[in-house]
Amino acid sequence: MSRQSFSAMALIRRGLAGHLGWQKQWRKANPKAAYDAVIVGGGGHGLGTAYYLAKEHGLTNIAVLEKGWVGGGNTGRNTTIIRSNYLFNESAALYDHSLKMWGSLSQVLNYNVMFSPRGVMMLAHTVHDIQVAKRHIHANRCNGVDNEWLEPEQAREFCPLLNISENIRYPVLGAALQRRGGTARHDAVAWGYARAADALGVDIIENCEVTAIKRGAGGAVEALETTRGPIRTARIGVSAAGNTSVVLALAGVKLPLESYPLQALVSEPVKPIFPCVVMSNTIHAYVSQSDKGELVIGAGTDAYTSYTQRGALHINNHTLDAICELFPNFRRMRMLRNWGGIVDVTPDRSPIIAKTPVPGLYVNCGWGTGGFKATPGAAHVFAWTIANDKPHRINAPFTIERFRDGFLIDEAAAAAVAH
Amino acid sequence: MLLIVCPYCGKRPEIEFTHGGQAHLVRPANQSQLDDQTWADFLYMRTNTKGVYAERWRHAHGCGRFFNAVRDTTTDHFIATYKSGTSYKSVTSGTAGDAP
């Protein structure tokens, strides 16, 4: 079908006509009997993968299966922080690939994802934090990733609300700033990819849960059973975040993953007051302000594995303690909503974007607490992997076998905390 | 916040505990003869069960001891907590699905 293009002119024209002429953003597709490839999981990663498969690899007879609704999982639940200042070469290549794609994503998709490179500032509170931050800065510089050290006064200059008093429990001793980092509108990322993929012929099928994966005599995948009937396909790409272990178990594949609740919360909306993103790994607080005016606040994961999409209040309380000390102006603000998502965490806190031991079955998982930032880059290389049946240069190190062979990409140890 | 029954101390709030991951993982014998995959399976591979799951907890800010629990990860409801060394089957009487 031909697709209406979004532009200022189109907005004026439709506006004068009472906004009655807008098309649906994507079709409500019903599952066909067979596809060339099927993506399981209709979040940003899955929809993006389908888009790049269609756009760059000419695979248009494909479907995205989503058990709930598009963007209703972690894509719609995260705190939208985008950065690429990871320590190891492999991570820097992957995350910076993604960060570069964010810059032009709105134009590429003809959909405003509201990417805002407003700067991500990561605070240091201890001597150890300072050493870790500076090590990251130097490693990033060697990899062509911008990251710079700020003294406390410079940090306050960049974020005027920041309390740099020496008399707080965890005083700010400095910060690492990635100016190219920022935020984007999470829902728009899912919707933009869904719309663009649909325009290329991809079927986006909601309320369709995979219940079985059928394998042929040689072990390769042959078909899926779903709540909306069987689908034949020789290639399956799984982007199911917290539920990846469950989907892969259908094909008998075990993964080094554990699923934890991760919570976030937003305040009442206020006028623009907070110009950047501030993160503190040490005291587990992440905050930015959305264009709607809400403070968007992220906490650490809950202590235990769970699939409940909720967590305990003491985790949020702990984060708000930190926020209130770092930003005393926020003490009287009311929090509006809090929620949880389920994140799949690997032992080294780096993702898996790889072939599985089952021919025709591919997986993009293990993003833990930070998968949103990687949406375009991960989807791009995952599509490449599915189309070519071998990993792209950038995701080649992010295998399942790295845990067997001892090639961990240990961002967990590099950050020394959850990140 | 979860209310957890420590088999030694009784009901206590979650903040007194640390989570110890999947329970009943047995360290393989003959480690010098193991192949890499078996060792990696022991170190890293987890069932990550959606449903009834056996896990370890430690009453870190109480008696300090490890114990096991059976919990439904779709509801966070605890089915049982029991002392380390007790078998999974004897606790769930085989009604709680497959062994972990």
Side-chain angles (χ1 to χ4, degrees), chain A residues 67 209 240-250 252-261 263 300-318 340 342-350 352 356-357 365-366 399-408 410 412, chain B residues 1-6 12-25 28 31 34-62 66-79 81 97-100:
Chain A
K67 73 171 177 178
E209 183 173 353
N243 282 290
T244 303
S245 295
V246 178
V247 178
L248 273 270
L250 298 175
V253 176
K254 255 184 138 181
L255 290 168
L257 293 177
E258 292 194 287
S259 294
Y260 290 89
Q263 298 184 75
T301 59
D302 276 71
Y304 48 86
T305 58
S306 178
Y307 287 86
T308 56
Q309 292 188 315
R310 61 172 180 262
L313 200 58
H314 70 269
I315 301 285
N316 292 324
N317 211 34
H318 174 74
I342 301 302
V343 298
D344 45 326
V345 177
T346 58
D348 62 0
R349 302 297 188 277
S350 286
I352 294 167
T356 69
C365 67
T399 60
I400 305 171
E401 291 76 24
R402 72 174 186 267
F403 296 98
R404 179 194 67 199
D405 300 336
F407 292 104
L408 272 61
D410 207 346
Chain B
M1 190 182 301
L2 304 178
L3 184 62
I4 302 174
V5 182
C6 169
R12 297 296 177 88
E14 180 196 329
I15 46 170
E16 293 188 11
F17 297 85
T18 52
H19 189 251
Q22 190 174 336
H24 302 296
L25 293 173
Q31 283 160 39
L34 287 182
D35 59 70
D36 289 350
Q37 189 60 56
T38 312
W39 186 237
D41 286 352
F42 168 68
L43 281 182
Y44 299 122
M45 296 297 171
R46 298 292 177 263
T47 60
N48 199 21
T49 308
K50 187 176 192 173
V52 176
Y53 184 59
E55 63 193 357
R56 299 194 310 161
W57 286 87
R58 180 167 175 254
H59 195 184
H61 300 289
F66 275 99
F67 60 93
N68 295 336
V70 179
R71 182 172 55 93
D72 187 335
T73 60
T74 61
T75 60
D76 291 342
H77 171 70
F78 280 96
I79 294 159
T81 55
D98 298 333

Proximity breakdown for L408(A) and chain B, heavy-atom pairs closer than 4.5 Å: side chain
Nearest atoms (heavy-atom pairs only) where I400(A) meets T356(A): CD1-CA, 4.1 Å
For chain A, the option from G51(B), A40(B), G20(B), G21(B) that forms the most heavy-atom pairs under 4.5 Å: A40(B)
When S245(A), S306(A), A312(A) are compared by non-hydrogen pairs under 4.5 Å with chain B, the top option: S306(A)
Under 4.5 Å from any heavy atom of chain A - which part of W57(B): side chain
Main-chain N/O of I4(B) paired to E14(B) side chain as donor or acceptor, under 3.5 Å: no
Contact leader toward chain A among D72(B), T75(B), D41(B), where contacts are heavy-atom pairs under 4.5 Å: T75(B)
For chain B, the option from R310(A), E401(A), E258(A) that forms the most heavy-atom pairs under 4.5 Å: E258(A)
Side chain N48(B), main chain S259(A), donor-acceptor under 3.5 Å: yes
Portion of L43(B) that has a non-hydrogen atom of chain A nearer than 4.5 angstrom: neither
Over 12 non-hydrogen atoms of neighbours within 6.0 angstrom of CZ in F42(B): yes
Contact winner vs chain B - L257(A), L313(A), D344(A), V246(A), heavy-atom pairs under 4.5 Å: L257(A)
R404(A) and its side chain to side chain contact (heavy atoms under 4.5 Å, CB included) partner, picked from D35(B), D36(B), T38(B): D36(B)
CD on Q22(B) to OG1 on T305(A), rounded to 0.5 Å: 9.0 Å
